[in-house]
Amino acid sequence: MKSYRIGIFGLGTVATGVVKILREQAKTYAKRFNVAFEVVQVVVRDTEKPRDPKTQDLPISDDPKSILENPHIDIVIELIGGVKIAQHIIEQALKAGKHVITANKDLIAADGRRLAKLAEENQVGLYYEAAVAGGIPILRALSTSLSPDEIQQINGIMNGTSNFILTQMRQHKLSYEDALKLAQDKGFAEADPTNDVQGIDAAYKLRILTDFAFGKQVSQNDIQMTGISTITQTDLKDVSDLGYEIKLLATVSKSAANKLQLSVAPTLVPKDHPLASVQNENNAIFVNSRYSGGLMFYGPGAGEYATANSVVADLLALVTGSAAPAKFNTHPSSSLALAGPKDRIASRYMVFKVADRPGIIHKLSAFFLMSNINFRNIRQYDPVDDSTRVVIITYPASDAQLNPVKTTIRQARGVSFIHEYKLLVEPKENSHD
């Protein structure tokens with residue numbers, strides 16, 4: 001039997017899950033794979049912090065050298081998060097000839113290609129399947145099974161926290177604030193939930209998927225980001241009546257003109273689409289490709305074991321040789337460019353507050369007519385305190401068309417723009433764009 005000695009950086013939720021899985025499945029792994037694992041050192045920032053009782057017997061230190069300079073440690077698992085410190089740890093581990101497994105989406109999005117090259121130069125493995133969508137093996141699928149195909153679009157529910165909040169708002173009529181508190185109470189949301197609810201976390205994951213699917217490296221600034229904090233019960237009822245669900249979708253799509261459009265934003269998903277049924281902390285990634293059509297990858301995206309299981313899967317792939325690390329797209333298309341305002345085309349769900357007086361709807365309609373934007377649906381609600389809510393769903397229009405409309409409305413009396421969300425449009429529907 002082959003034995004492997006492991007050093008773990010971090011002992012939070014995911015790392016604790018990894019330790020539990022390795023211990024609970026030790027006999028199974030010995031029998032099935034003829035391997036044994038020993039966690040010989042854990043490094044944390046605060047050695048005095050209370051830990052799960054099942055990890056209290058582990059050797060814990062706050063000195064990275066206890067792992068990086070230990071010649072008896074074969075594999076390093078990095079689960080501390082962040083970029084700068086984790087980057088240094090992974091670099092030093094790879095240079096020391098140690099294999100590395102990480103779930104660090106921020107770092108892989110920013111520096112994954114270089115670190116993967118460094119691993120190759122030192123003839124060790126760098127595994128990072130757990131960096132995207134918890135336990136869903138999407139990176140390996142893109143780099144192997146789907147590599148012969150031509151990816152057209154990826155839509156993903158990639159943040160379990162935001163999806164849990166939206167599910168609770170929809171099913172139990174909770175306000176955003178109450179649903180967020182429930183997510184925090186259950187451990188799905190941090191005390192500061194900004195990264196989750198404003199789309200930042202999902203954007204990191206989208207950057208990695210964009211690199212894998214299209215060979216294009218993008219930054220956070222290349223992604224249009226809108227969070228879920230403005231969504232109200234009235235919005236949820238509106239879209240449900242219209243046949244949709246609101247989901248925080250991370251989307252990358254390639255147009256016929258070879259331009260990539262990227263966004264993380266609340267999106268109206270038709271109720272009969274598979275993504276509409278993804279509830280609570282679960283994640284799902286829907287891939288549209290030229291030859292395979294539509295494929296959905298589904299699984300838990302938050303909680304102790306979802307990401308931990310993906311880390312352990314990488315560990316087993318490494319020691320058994322059953323799978324190489326998921327590889328970045330090494331044949332990027334130089335013809336791919338980022339979409340500009342004229343290329344970002346979508347139908348929009350738009351909400352306005354207008355004065356309750358004759359002719360105001362005609363005035364609002366005229367603003368859109370100036371930019372040649374037509375309506376699929378328009379709803380006016382009963383007035384409250386001399387104003388009324390108006391909801392408009394447009395036919396497909398570009399940002400370039402819509403921006404002058406927004407500017408005009410901001411300057412107009414009696415009309416206030418509240419917010420807008422896009423509608424999901426799959427490649428078969430926008431093939432004539």
Side-chain angles (χ1 to χ4, degrees), residues 2 4-10 18 33 35 37 43 64-65 67-133 136-149 151 204-219 307 310-334 336:
K2 178 67 174 176
Y4 295 89
R5 293 164 297 279
I6 298 171
I8 301 178
F9 283 92
V18 169
F33 307 112
V35 295
F37 301 107
V43 169
K65 293 181 180 179
I67 290 178
L68 297 175
E69 297 183 5
N70 185 336
H72 302 294
I73 289 178
D74 310 299
I75 301 168
V76 171
I77 298 178
E78 182 278 308
L79 296 171
I80 61 172
V83 174
K84 190 172 182 180
I85 295 175
Q87 182 183 56
H88 177 75
I89 287 169
I90 291 176
E91 285 178 347
Q92 295 306 306
L94 295 174
K95 290 177 180 178
K98 302 179 190 299
H99 303 286
V100 175
I101 298 169
T102 180
N104 194 324
K105 57 186 173 294
D106 308 37
L107 179 56
I108 296 302
D111 204 27
R113 278 179 177 262
R114 186 185 67 84
L115 292 173
K117 184 178 180 181
L118 182 62
E120 289 183 6
E121 291 172 351
N122 287 275
Q123 299 182 325
V124 290
L126 173 65
Y127 288 74
Y128 40 83
E129 182 66 62
V132 177
I136 301 173
I138 183 63
L139 299 184
R140 193 161 284 123
L142 287 172
S143 65
T144 55
S145 303
L146 290 172
S147 61
D149 211 336
I151 306 301
Y204 282 120
K205 299 167 184 175
L206 184 63
R207 289 169 62 187
I208 299 171
L209 291 179
T210 299
D211 202 344
F212 268 74
F214 299 103
K216 183 74 173 180
Q217 291 182 289
V218 298
S219 70
T307 305
S310 190
V311 170
V312 175
D314 269 349
L315 179 61
L316 289 170
L318 166 65
V319 302
T320 62
S322 61
K327 291 188 177 182
F328 286 93
N329 191 329
T330 55
H331 302 287
S333 172
S334 59
L336 283 177

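Atoms considered below: every heavy atom in the structure, side chains included; atoms not considered: hydrogens, waters and symmetry mates.
Under the 3.5 Å distance criterion, the side-chain polar atoms of Thr320 are matched with a main-chain donor or acceptor of Leu316. Judged by distance alone, the side chain of Gln87 and the main-chain N or O of Leu107 form no donor-acceptor pair under 3.5 Å. The backbone N or O of Thr144 sits less than 3.5 Å from a side-chain atom of Ser147, completing a donor-acceptor pair. Within the 3.5 Å criterion, the main-chain N or O of Ala131 finds no donor-acceptor partner in the side chain of Asn104.
Looking only at side-chain heavy atoms (C-beta outward), Val132 and Lys105 stay at 4.5 Å or farther from each other.
Here Asp106 contributes atom CG and Asp111 contributes atom CG; the two are 12.0 Å apart, rounded to the nearest 0.5 Å. In this structure, the separation between CD1 on Ile6 and CG on Leu315 is 4.5 Å, given to the nearest 0.5 Å. To the nearest 0.5 Å, atom NZ of residue Lys117 and atom CG of residue Leu126 are 14.5 Å apart. To the nearest 0.5 Å, atom CZ of residue Phe9 and atom CD1 of residue Ile77 are 11.5 Å apart. We find the CZ-CD1 distance between Phe212 and Ile151 to be 12.5 Å, quoted to the nearest 0.5 Å. Annotation: the span from Tyr128 atom OH to Ile208 atom CD1 amounts to 9.0 Å, rounded to 0.5 Å.
A 6.0 Å sphere centred on CD of Glu121 holds more than 12 heavy atoms belonging to other residues, nucleotides or ligands.
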Problem set entry | Val311 and Glu129: CA distance, side-chain angles, deciding distance, side chain to side chain contact (heavy atoms under 4.5 Å, CB included) verdict | CA-CA 7 Å; Val311 170; Glu129 182 66 62; over 6 Å; no
Exercise. Between Ile89 and Ile80, is a side chain to side chain contact (heavy atoms under 4.5 Å, CB included) present by the stated rule, with each step listed?
Worked result: CA-CA 10 Å; Ile89 287 169; Ile80 61 172; 3.6 Å; yes
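Between Tyr127 and Arg140 the shortest heavy-atom distance is CD2-NH2, 3.8 Å. Looking at every heavy atom in both residues, Gly82 comes nearest to Ala86 through O-CB, 3.8 Å.
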Could you pull out every donor-acceptor pair under 3.5 Å between side chains of residues 93-100 and any protein atom, sequence neighbours left out?
| residue | atom | partner | partner atom | Å |
| --- | --- | --- | --- | --- |
| Lys98 | NZ | Asn70 | O | 2.6 |
| Lys98 | NZ | Ile73 | O | 2.9 |
| His99 | ND1 | Gly125 | N | 2.9 |

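Pairs passing the salt bridge (Lys or Arg N to Asp or Glu O under 4.0 Å) check and including a residue from residues 73-82, sequence neighbours excluded, read Arg5-Asp74.
With sequence neighbours left out, the side-chain hydrogen bond (donor to acceptor under 3.5 Å, both in side chains) criterion links Asn122 to no other residue.
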